[in-house]
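Naming convention: chains lettered A, B, ... in sequence-line order (proteins, then strands); numbering from 1 in each chain. Only this structure's heavy atoms are used, side chains among them; waters, hydrogens and symmetry mates stay out.
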Amino acid sequence: MASPVLAPLQGMTDLAAPEVFLWQRIEDAFREVLARYGFTEIRTPVLERIEVFARAIGAETDVVQKEMYAFEDRGGRRVALRPEGTAGAIRYAAGAGATEARIFYLGPMFRAERPQAGRRRQFHQLGIEALGPPSPAADAECVALQAHLLDAIGLDGFTLRVNTRGAAGDAEAVAAGLRAALAPLADGLCADCARRRDRNVLRVLDCKQPGCRTLVQSLPPVTRFMAEPSRAYLAEVQRLLRRLEIYAVEDPLLVRGLDYYRHTIWEIAHPALGAQDALSGGGRYAIDLAGRTVEGVGFAMGLERLVMALQARGVEPADPAADRRIWIVSAGDAVREDNLVLAQALRRRGIPCSLDLAGRSLKAQMRAAGRAAVRRVVLRGEQEQARGVYRLKDMRDGSERELDLPALIEALTG
RNA sequence: GUGGAUGUAGCUCAGUCGGCAGAGCACCAGGUUGUGGCCCUGGUGGUCGCGGGUUCGAGUCCCGUCAUCCACCCCA
């Protein structure tokens with residue numbers, strides 16, 4: 001890029017054809033499936049008061065502490081670009097007084113991180129929130145929906161792992177239990193984990209260092225430190241998932257980052273992705289905002305990562321209108337204006353239709369049609385214009401025939 | 001915030017020991033005065049990321065900086 005002004009900001013990308021066709025296909029498929037489950041779209045602002053995120057996600061989390069695009073607006077309010085979608089959706093629900101709802105969102109999120117494979121500063125998520133009191137059935141349905149969505153876009157080869165965070169009352173005992181279990185093993189921990197042990201002990205469980213990874217294998221599962229109802233809750237979710245023909249690996253080392261999770265948590269990863277291999281993650285939560293508590297279960301999917309996984313499986317973006325599109329080719333300048341009028345008439349009848357507006361040669365127009373891989377070309381020059389006919393060419397076998405306007409429209413729409 | 005790699009034409013990249021800025025693809029035109037692809041010929045296109053330094057001379061060496069990619073922290 002010749003000038004930095006011509007490039008998007010760090011970690012942000014322009015999304016254009018042909019890749020955008022793949023995004024549109026994914027979004028269309030998602031909307032169709034979500035409607036079957038009774039979810040309706042919620043479009044919340046990208047910018048929120050900073051407390052919305054601090055309260056919902058956790059004021060001490062890294063996401064809030066160091067990854068938010070936060071600033072003061074002109075009225076002196078502390079605001080931030082949303083780093084995830086749940087907080088805003090819950091703010092909406094709490095404000096509306098809704099305790100039961102089925103909503104989804106789809107749009108850009110922002111985190112001021114260093115970019116890497118599968119991680120951008122502006123990225124896109126589809127998320128759903130099924131608001132309501134704790135219910136293993138709701139959790140299982142949510143996981144099943146997620147698998148259904150991946151199926152609908154033709155992605156396979158992913159892995160699904162589930163675990164539990166337990167009830168709110170279990171958190172203390174789990175942290176204390178893990179710290180106690182780690183105490184005799186502290187020498188084997190990496191430097192990061194030595195810090196995590198005090199600050200965020202759950203994160204020791206998914207450390208990437210080989211030494212820590214073998215060490216945590218010997219720890220008791222987190223469920224060991226939870227009350228019986230929490231264990232039963234997870235077991236019931238698993239039973240229901242099996243009835244829904246969803247196979248989920250129970251992984252006591254699975255950890256999820258945000259503070260609001262309770263009970264069931266899960267993650268879908270794909271081996272084609274690299275270090276950031278989580279396609280989607282979700283869980284049950286309870287979020288307090290301004291004295292109102294909203295409970296629910298939901299998940300978020302990273303759309304960039306979905307696209308990466310699809311492309312790794314050989315899926316190519318394609319213009320959905322390509323095989324219906326025709327090109328109108330003008331021979332001679334005298335017909336160009338009439339052909340513009342023709343193009344408009346065809347488009348009004350639903351025919352995707354392109355033509356050269358820059359006055360290029362016949363040869364160049366034919367080349368453009370060939371490049372666009374259109375199946376048919378309408379060639380119209382002064383000869384055809386004088387005789388009131390249209391020459392329809394099949395680009396695959398090169399055959400041509402002359403038609404009048406009604407016959408042409410019939411041929412193109414039929 | 002930390003670490004590594006990489007920045008040369010629209011794209012992918014070559015450029016030797018410091019000595020005239022290159023290839024393939026793409027694009028444009030012609031070969032064919034009204035017909036795409038294949039072939040042939042020709043052509044357009046460059047702030048060698050940016051700034052400084054060393055040198056008679058820097059794409060090449062040195063310093064800084066920005067960006068991209070990958071990884072860490074953290075997370076979808």
How is [X] classified with respect to the nucleic acid when contacts are heavy atoms under 4.0 Å: base, sugar-phosphate, or nothing?
| X | value |
| --- | --- |
| Arg371(A) | sugar-phosphate |
| Gly127(A) | nothing |
| Phe123(A) | base |
| Gly11(A) | sugar-phosphate |
| Glu382(A) | base |
| Gly398(A) | base |
| Ala369(A) | nothing |
| Leu303(A) | nothing |
| Gln10(A) | sugar-phosphate |
| Gln65(A) | nothing |
| Arg367(A) | sugar-phosphate |

Taking the [atom1] atom of each, how far is [N] from [M], in whole Å?
| N | M | atom1 | value |
| --- | --- | --- | --- |
| rU44(B) | rG49(B) | C1' | 24 Å |
| rG18(B) | rC11(B) | P | 29 Å |
| rA5(B) | rG24(B) | C1' | 25 Å |
| rC72(B) | rU65(B) | P | 25 Å |
| rA21(B) | rC13(B) | C1' | 14 Å |
| rG53(B) | rU12(B) | C1' | 33 Å |
| rG51(B) | rC56(B) | P | 23 Å |
| rC48(B) | rU60(B) | C1' | 10 Å |

Grab the [atom1]-[atom2] distance between [X] and [N] for me, whole Å please.
| X | N | atom1 | atom2 | value |
| --- | --- | --- | --- | --- |
| Met395(A) | rG36(B) | CE | P | 9 Å |
| Arg121(A) | rG1(B) | CZ | C1' | 11 Å |
| Gln365(A) | rG37(B) | CD | C1' | 17 Å |
| Leu379(A) | rG34(B) | CG | P | 11 Å |
| Asp206(A) | rC72(B) | CG | P | 11 Å |
| Leu258(A) | rC74(B) | CG | C1' | 10 Å |
| Arg380(A) | rU35(B) | CZ | C1' | 17 Å |
| Leu273(A) | rC69(B) | CG | P | 16 Å |

For Ser330(A) against Asn339(A), the heavy-atom pair lying closest together: OG-ND2, 2.8 Å

What is the pairing partner of [N], taking Watson-Crick or G-U wobble pairs with both distances under 3.5 Å in any strand?
| N | result |
| --- | --- |
| rU32(B) | none |
| rC72(B) | rG1(B) |
| rG19(B) | rC56(B) |
| rC48(B) | none |
| rU6(B) | rA67(B) |
| rC11(B) | rG24(B) |

What nucleotide, of [options], holds the atom closest to the side chain of [X]?
| X | options | value |
| --- | --- | --- |
| Gln383(A) | rG34(B), rG31(B), rU68(B) | rG34(B) |
| Glu267(A) | rC73(B), rC75(B), rA76(B) | rA76(B) |
| Arg111(A) | rA29(B), rC69(B), rA76(B) | rA76(B) |
| Arg199(A) | rC74(B), rU2(B), rG34(B) | rC74(B) |
| Lys363(A) | rG34(B), rG30(B), rC69(B) | rG30(B) |
| Arg120(A) | rC72(B), rA29(B), rC69(B) | rC69(B) |
| Arg196(A) | rU35(B), rA76(B), rC74(B) | rC74(B) |
| Ala364(A) | rG30(B), rA29(B), rC72(B) | rA29(B) |
| Met366(A) | rC75(B), rC74(B), rG36(B) | rG36(B) |

Assess whether a salt bridge exists between [X] and [Y], defined as any Lys/Arg side-chain N lying under 4.0 Å from an Asp/Glu carboxylate O.
| X | Y | result |
| --- | --- | --- |
| Glu27(A) | Arg31(A) | no |
| Asp192(A) | Arg203(A) | no |
| Glu48(A) | Arg91(A) | yes |

Pairwise 5' ranking along RNA chain B for Arg305(A) and Ala331(A), keeping only the more 5' one: Ala331(A)

Given RNA chain B, 5'-ward residue of the pair Ala368(A) and Thr13(A), judged by closest heavy atom: Ala368(A)

Distance-only, no hydrogens or angles: does the Arg165(A) side chain make a donor-acceptor pair with backbone N or O of Gly283(A) under 3.5 Å? no

Tell me whether Gln311(A) contacts the main-chain N or O of Met308(A) through its side chain, where contact means a donor paired with an acceptor under 3.5 Å. no

When only distance counts, do a donor and an acceptor, one from the side chain of Glu67(A) and one from the base of rG1(B), lie under 3.5 Å apart? no

Any donor-acceptor pair under 3.5 Å between the side chain of Lys393(A) and the base of rU35(B)? yes

The residue among Ile265(A), Asp139(A), Thr223(A) that forms side-chain contact (heavy atoms from CB on, under 4.5 Å) with Thr164(A) is Thr223(A)

Would you tell me if any nitrogen or oxygen in the side chain of [X] comes within less than 4.0 Å of OP1 or OP2 on [N]?
| X | N | value |
| --- | --- | --- |
| Gln116(A) | rC72(B) | yes |
| Arg119(A) | rC74(B) | no |
| Arg391(A) | rG34(B) | no |

Heavy-atom side-chain contact between Leu279(A) and Leu155(A) under 4.5 Å: yes

Residue pair Glu129(A) / Tyr285(A), side-chain donor-acceptor N/O under 3.5 Å: yes

For side chain to side chain contact (heavy atoms under 4.5 Å, CB included), just list the numbers for Leu126(A) and Leu149(A), CA-CA rounded to whole Å, side-chain angles, deciding distance to a tenth of an Å, and then say yes or no. CA-CA 10 Å; Leu126(A) 164 77; Leu149(A) 291 171; 3.7 Å; yes

